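From a predicted model like this one, the values you see are computed outputs, not experimental measurements. The first residue in the sequence is number 1, and the count goes up from there. As the structure lists them, so they are numbered: ligands from 1, and atoms in each ligand from 1.
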Amino acid sequence: MNAPNQSGWKPEMETAAPDTVAPTHTGNRALMLEEPLIFEIGSSANTGVDLPEPGSGAANRLGGMERSDPIGLPGLSEPEAVRHYTRLSRQNYAIDLGLFPLGSCTMKHNPRLNEKVARMPGFADVHPLQPQETVRGALEVVNELAHWLLTLTGMHGVAMSPKAGAHGELCGILCIRAALEAKGDAREVILVPESAHGTNPATAAFAGYRVENIPATPAGRVDVAALKARLGPDVAGVMITNPNTCGLFEPELKDISDAVHAAGGYVYCDGANFNAIVGKVRPGDLGVDAMHINLHKTFSTPHGGGGPGSGPVVLSEALSPFGPLPFTARDQGGVVHLVEEEDAAAFGHTQGFGRMTAFHGQMGMFTRALAYILSHGADGLKQVAEDAVLNANYVLRSCEDVLDAPFGASGPCMHEALFSDKGFAEGFSTLDLAKALIDEGYHPMTMYFPLVVHGAMLVEPTETESKAALDQFIGALRSVAERARAGDPALKQAPFHAPRRRLDETLAARKPVLVWQEPVSE
Ligand SMILES: *Cc1c(COP(=O)(O)O)cnc(C)c1O
């Protein structure tokens, strides 16, 4: 299988590596344009707009508070500013450019319907300080989305306000803490499997708990016997990811939950991988007490540049009373209500631990996620999970003869395929393979995570990729894997075709330059 172009057309390949070709006068390479820092283009002496000189009247109004030295911001004309940011944007990789294989992150296509709905004036123009009567429609969106999140998870209540998965984890752990404190039960330990995402132990520690690791079995799942053996009166709860970060479903979660509950603790489920099971499994049926749902993963709202994250937390009946305000829960009749400070007492929601955010959360993400859920419907969401799992298994089985799949024998994977660097030539690493994948035109997969696998590569193709797109990616992945096994020396110098070659991975973090100084002339 050799990297066919999707259409079968293959471009004439360059014969010489770009750095052996004479450099251009501009430093540009065809449409790949060089771009300096904005401070290097502009100068504080320039300005893109004509402002009247501040006369003596202005000085009087400022009462002597006017600035005497230039602030040091770069001045650019409007086209210079537009071109700077447009050029930078062209150096980005995005889901709208191609397959984005980052595992654990669920980089889904962001449907344009979501964007259309979020831009409707009634949603786009609301302000958090508007009187409640004027935003009934927006609040109804929060309610309706809460209803579907509760329906899909089989849980009792949901805090919609957390602004990301990690923020949701904190919310869930604070609910557990509040529930234990209400019983006068001061437990100190949270158990976390060693394959967990780094945010899990960080959250537990941030909330004041001591974190203890639970080992994994050789098959890549939680060691249930070790977990049960550790339960006791000091254990506040466990944080478990299901499907886990090795890409495997934890079939014993119900058994684990029962044991944790019997020992007086609570079960936090990291729901970042919900995409693999949405519409198929309800975490509430598995005994989960709290779980965050990354709307920017499972429910297709944009990551990063296109908008902020959003991490609503669904809660069991046992934890719901301790959820933060505003809070959304079903009443006796099963109808979902949004509860705020004013009506908390009437609704019986009096033990909430506080607030996670000033307002209701990420409104623009709520409208997008609801548009996604309603446009798919129950059957469509189920198919999302099935297709995501099918695509990941296609990648796994298409590559396992050239890339070691440490848990390939554990059965089908869920929505992500995990490989290791076993079998690479001496001195060749996952990093080398990832850099070569950049030359192939792909953002690399998640690397060196989960930590339990040496040189881990976690590939999550998501459900919307066609077979042709997957075949092309598989071709690229197989090609770079074969080069890593053969020890192709060029792999050590990749990428050749990117705007920059190999960068110092840590320099910017270790020696940040935080203050711009204009170069001194002469
Ligand atoms: C993404 C992710 C998180 C954190 O979610 P954010 O929204 O990035 O804060 C936690 N756990 C797992 C397994 C994840 O993939």
Exercise. Can the positive tip of Arg187 be found less than 6.0 Å from the middle of the six-membered ring of Tyr209, inside 45° of the ring normal?
Worked result: no
Problem set entry | Closest approach of Val395 to Ala417 (non-hydrogen atoms, all atoms of both residues) | CG1-CB, 4.5 Å
For this session: Using modelled atom types only, decide if a donor and an acceptor are shared between the side chain of Asn273 and the backbone of Pro243 within a distance under 3.5 Å.
Result: yes
Seminar exercise, completed: Value for NE2 (His292) from NE2 (His167), rounded to nearest 0.5 Å, stands at 12.5 Å
Seminar exercise, completed: Smallest heavy-atom separation, Leu191 atom then Leu231 atom, equals CD1-CD2, 4.1 Å
For this session: Supply the atom-to-atom distance Thr462 OG1 to Glu460 CD, rounded to the nearest 0.5 angstrom.
Result: 7.0 Å
Problem set entry | Contact residues of ligand 1 (heavy atom under 4.0 Å), by chain and number | Ser104, Ala164, Gly165, Ala166, Glu169, His197, Thr199, Asp270, Ala272, Asn294, His296, Lys297
